Amino acid sequence: MSAAGIDAGMKFRAAVYALVRRVPRGHVVTYGQVAAMLRRPRSARAVGGAVGRCPDDVPWHRVVNAQGGISRRRRLGSVLTQRIRLEQENVPMRRGRVLLDRCRWER
DNA sequence: GACTTGACTAGAC
DNA sequence: AGTCTAGCCAAGT
């Protein structure tokens, strides 16, 4: 797949996973950002859907919402897991929010 | 092919 | 700063 964007015939989900796998430890991206990087600026919601059912090798915890917060989901639990994993990677947080200015992954 | 369902967002009060 | 709304769109049924 190209640096950004979806190759011909590639499923949206596969592109999301490929991108999220490139996010380095200690950094995060937002749903909307992933969508924009894949050249689907209005597909943030779909990104959430893809990240919600991803393979084990995808660092899904590095994806947060536009406010740096951890989005709620139908079955809680993974919310705590996500916060714990982010803390373990020393992702800077304040009042339950990731400080995007300091750890947003660009490119 | 018509719904329904979300780990979304930006904007308006 | 909290709540609501409307737009969005990939996937699953």
Side-chain angles (χ1 to χ4, degrees):
Chain A
M1 111 157 229
S2 51
I6 309 174
D7 291 343
M10 178 182 253
K11 286 276 191 271
F12 179 80
R13 271 174 62 185
V16 171
Y17 301 150
L19 191 92
V20 174
R21 273 191 275 256
R22 307 215 310 257
V23 181
R25 273 181 63 89
H27 293 262
V28 303
V29 287
T30 67
Y31 299 99
Q33 185 186 346
V34 171
M37 292 172 88
L38 294 179
R39 317 235 163 187
R40 297 264 192 305
R42 296 173 296 277
S43 304
R45 202 162 190 163
V47 170
V51 171
R53 336 173 179 62
C54 65
D56 293 333
D57 64 325
V58 175
W60 54 269
H61 58 283
R62 297 183 186 139
V63 186
V64 299
N65 65 36
Q67 290 70 36
I70 296 173
S71 296
R72 308 196 64 154
R73 47 214 79 170
R74 281 183 172 292
R75 295 206 182 106
L76 280 305
S78 57
V79 172
L80 282 179
T81 303
Q82 181 166 14
R83 203 186 76 194
I84 291 171
R85 289 192 184 180
L86 291 175
E87 289 173 351
Q88 290 178 334
E89 296 186 359
N90 292 316
V91 170
M93 296 183 37
R94 168 133 359 191
R95 294 191 298 275
R97 300 297 170 103
V98 169
L99 303 182
L100 291 173
D101 288 349
R102 291 183 43 190
C103 64
R104 180 198 293 275
W105 180 63
E106 310 284 3
R107 210 83 4 219

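The model shown is predicted, which means the values in this text are computed figures rather than measured ones. To find a chain, count down the sequence lines: A is the first, B the second, and so on, and within it residues start at 1.
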(message) Exactly one of A:Val98, A:Val79, A:Asn65 should register a side-chain contact (heavy atoms from CB on, under 4.5 Å) with A:Ile70. Which one does?
(response) A:Val79

Heavy-atom pair with the smallest gap, counting every atom of [X] and [Y]:
{"X": "A:Ala44", "Y": "A:Ala35", "value": "N-CB, 3.6 Å"}
{"X": "A:Ile6", "Y": "A:Ala15", "value": "CG1-CB, 3.6 Å"}
{"X": "A:Arg62", "Y": "A:Val23", "value": "NH1-O, 2.8 Å"}
{"X": "A:Leu19", "Y": "A:Met37", "value": "CD2-SD, 4.0 Å"}
{"X": "A:Arg107", "Y": "A:Arg22", "value": "O-NH2, 3.8 Å"}
{"X": "A:Ala66", "Y": "A:Thr30", "value": "CA-CG2, 4.1 Å"}

(request) Mind running a 4.0 Å heavy-atom check of residues 54-61 of chain A against DNA chain B and sending the residues that fall below it, in number order? (result)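 The stretch gives A:Trp60 as the residues lying under 4.0 Å from the strand, ordered by number.
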
(request) Check DNA chain B against residues 27-35 of chain A and give the residues with a non-hydrogen atom under 4.0 Å, in numerical order. (result) A:Thr30, A:Tyr31, A:Gly32

(message) Between A:Tyr17 and A:Arg13, is there a side-chain donor-acceptor contact under 3.5 Å, judged purely by atom types and distance?
(response)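 There is such a pair between these side chains.
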
(message) Please report the distance, rounded to the nearest Å, between CG in A:Asn65 and C1' in C:dG2.
(response)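 Computing the A:Asn65:CG to C:dG2:C1' distance gives 15 Å.
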
(request) Starting from Watson-Crick (N1-N3 plus N6-O4 or O6-N4) and G-U wobble pairs under 3.5 Å, report the runs of at least three that DNA chain C belongs to. (result) B:2-6 with C:9-13, B:8-13 with C:2-7

(message) With rounding to the closest Å, how many angstrom separate the C1' atoms on B:dG1 and C:dT13?
(response)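 The same atom, C1', in both gives a distance of 12 Å.
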
(message) Is there a side chain to side chain contact (heavy atoms under 4.5 Å, CB included) between A:Gln33 and A:Glu106? Walk through the geometry before answering.
(response) CA-CA 9 Å; A:Gln33 185 186 346; A:Glu106 310 284 3; 4.2 Å; yes

(message) Do A:Ile84 and A:Val58 sit in one hydrophobic cluster, given that two such residues count as connected whenever their side-chain heavy atoms are within less than 4.5 Å of each other, even indirectly?
(response) no

(message) Please report the interatomic distance CH2(A:Trp60) to OG(A:Ser78), rounded to the nearest 0.5 Å.
(response)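 One finds 5.0 Å between CH2 of A:Trp60 and OG of A:Ser78.
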
(request) Measure the NE2-CG distance between A:His27 and A:Asn90 for me, rounded to the nearest 0.5 Å. (result) 11.0 Å

(request) Taking A:Arg73 for its side chain and A:Ser71 for its backbone only, find out whether a donor-acceptor pair lies under 3.5 Å. (result)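 Yes, the answer is positive, given that a donor and an acceptor are paired below the 3.5 Å cut-off.
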
(request) Return the set of residues passing salt bridge (Lys or Arg N to Asp or Glu O under 4.0 Å) with A:Glu87 (not counting sequence neighbours), or none when no residue passes. (result)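 With neighbours one apart ignored, the set is A:Arg83.
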
(message) Please encode protein proximity along nucleotides 4-11 of chain C as a string of B, S and -, counting only heavy-atom distances under 4.0 Å.
(response) ---BBSSS

Protein and nucleotides 11-13 of chain B: nitrogen or oxygen contacts under 3.5 angstrom:
none

(request) Report, as yes or no, whether the 6.0 Å neighbourhood of atom CZ on A:Arg21 holds more than 12 heavy atoms from other residues, nucleotides or ligands. (result) yes

